[in-house]
2 protein chains.
Amino acid sequence: MTQTAAILRTGRKFDQVLRGAREVFLADGFEGASVDDIARAAGVSKATLYSYFPDKRLLFTEVAQTECKRLAENVISMIDDSKPAREVLTIAATQLAAFLVSDFSQQVFRVCVAERDRFPELGMAFFEAGPQNGQRHMVEYLEKAVEKGELAIEDVQIAAEQFSELCKVRIWTKAALGIQTSFSKSEIDEIALQAVDMFMARYGV
Amino acid sequence: MTQTAAILRTGRKFDQVLRGAREVFLADGFEGASVDDIARAAGVSKATLYSYFPDKRLLFTEVAQTECKRLAENVISMIDDSKPAREVLTIAATQLAAFLVSDFSQQVFRVCVAERDRFPELGMAFFEAGPQNGQRHMVEYLEKAVEKGELAIEDVQIAAEQFSELCKVRIWTKAALGIQTSFSKSEIDEIALQAVDMFMARYGV
DNA sequence: TTGTATCTGAACTGATCGGTTTATAGTTTG
DNA sequence: CAAACTATAAACCGATCAGTTCAGATACAA
């Protein structure tokens, strides 16, 4: 699983190839990206590319795994206990909403959905690294807040899921369908505010 | 826009072609579907197919538009005033949640996302026929409920969007990523219940 | 029966793409 | 310098696919 197959991870041009592949795959998906395009984007000959990666699929999964790891790291550290719940949630909602409609997040999601049948394990990897990972942190925070008596939640798991879902309102679907691709700070803030208002109405003390 | 180009809508085999195209496109996406496959699925020769549709793109957009219209019709009539708000919302939430994770809805969404760059107008058509159309009905209902004093909502538009978003909690992302493709009635009911609970906590009188 | 329109199947074109090979040239190391 | 390694460009192969062509089959109307 960790070492999918015989991939030379050494060599001067390895990272260069990977960067080119990342760029083209995220832009065009798996089928849409031609190996020639990738080689060109990487500034490397096709033969060199094939000396590092035995085939296109393996190159793709390598890129996808790397991206999922980056995603996981990005999600962490959105939460800071000490402050009052409403404030913490507002900050988290704002950052989450902004992240959810970011180019990066959208491209990864798009490739996962588009390539779902060709790479069934990809959706799972993305889900664990992204949504599930973020929700785990959220659950931890909510539990502490409940202990402190700041919130009253029966089912913290579903509360966490509802919270992240509320951060998608109005903006996420539009981004996913390509209807609107950039969002102003005030649009984001408005959604975050509405999300927190609803969350606190339900779970506030 | 309505009449994308020269398409013969008459002829014995027109609907037959369209049905075959629907089947294959929804299953395989745009690139994944070969014209030969479509012709075979439609029980028609490729020459006949091309006598109705000048090219593959046009055939695809025709299918997509037709599907979006069907989608719109399905969304309507989920709402019945006379009953108390909580009951109406629960029924609507249950039906909406079930619809959102249905094979049909998922496949259409998937193709829209995957083919976003190739057909920018497709996402828009889907959005208008699906989410936006459904929300328009929801807004109408919410306005009446506010008038009757059953609900207290400042911004009915965002309330409607929050409502449909809450119906996706836990199930929708999993379905989109192919992690879980079928959902039990009790899973759906649980999500609907949680959605209504939260909605009523925020907007109930 | 004859004429007309539609449909069929199969072959074909031209283009793209994944993947391989080859002949060549630069770089490193001893 | 020479051997070993690494990279390159370009040609090439086999497969797939969109779209065309065409000779003949089918159906139907006068």
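Chain A is the first sequence line, chain B the second, and so forth, proteins listed ahead of strands; every chain is numbered from 1.
B:Glu31 places its CD atom 21 Å from the P atom of D:dA15, with the value rounded to the nearest Å. Atom CZ in B:Phe60 sits roughly 13 Å away from atom P in D:dA18 (whole-Å rounding). Rounded to a whole Å, the NZ atom of A:Lys56 is 15 Å from the P atom of C:dT16. Between the CG atom of B:Asp28 and the P atom of D:dC17 there is a distance of 10 Å, given to the nearest Å. Here the C1' atom of nucleotide C:dT20 and the OH atom of A:Tyr52 are 18 Å apart, to the nearest Å. Straight-line distance from the CG atom of B:Asp36 to the C1' atom of C:dA11: 12 Å, rounded to whole Å. Nucleotide D:dA9 holds its C1' atom 16 Å from the OH atom of A:Tyr50, rounded to whole Å. Taking atom CG of residue A:Leu58 and atom P of nucleotide C:dG18, one finds them 15 Å apart after rounding to whole Å.
Residues B:Trp172 and B:Phe183 place their aromatic rings such that the two centres sit no closer than 6.0 Å.
Taking the side-chain contact (heavy atoms from CB on, under 4.5 Å) definition, one finds that B:Thr94 meets it with B:Thr90, B:Ile188, B:Asp189, B:Ala192, sequence neighbours left out. Residues forming a side-chain contact (heavy atoms from CB on, under 4.5 Å) with B:Ala42 (at least two apart in sequence, or on another chain): B:Val44. For B:Arg136, the side-chain contact (heavy atoms from CB on, under 4.5 Å) partners at least two apart in sequence or on another chain are B:Asn133, B:Glu140. For B:Phe30, the side-chain contact (heavy atoms from CB on, under 4.5 Å) test picks out B:Phe25, B:Lys56, B:Arg57, B:Phe60, B:Glu115, B:Arg118, B:Phe119, with sequence neighbours left out. Qualifying ring pair (Phe, Tyr, Trp, His ring centres under 6.0 Å) partners for B:Phe126, counting only residues two or more places apart in sequence or in other chains: none.
Applying the side-chain hydrogen bond (donor to acceptor under 3.5 Å, both in side chains) definition to pairs two or more places apart or across chains, none involves residues 98-109 of chain B. Pairs passing the salt bridge (Lys or Arg N to Asp or Glu O under 4.0 Å) check and including a residue from residues 38-53 of chain A, sequence neighbours excluded, read A:Asp36-A:Lys46, A:Asp37-A:Arg40.
Of the residues in residues 39-49 of chain B, B:Gly43, B:Val44, B:Ser45, B:Ala47, B:Thr48 come within less than 4.0 Å of DNA chain C through at least one heavy atom, sorted by number.
In this structure, the helix from C:dT1-D:dA30 to C:dG30-D:dC1 shows an angle of 0° between the axis at its start and the axis at its end, each fitted on 5 base pairs and rounded to 10°.
Nearest nucleotide to the B:Lys13 side chain, out of D:dT20, C:dC7, D:dC17: C:dC7.
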Stepwise side chain to side chain contact (heavy atoms under 4.5 Å, CB included) test for A:Gln135 and A:Gln157: CA-CA 8 Å; A:Gln135 273 155 21; A:Gln157 177 59 41; 4.0 Å; yes
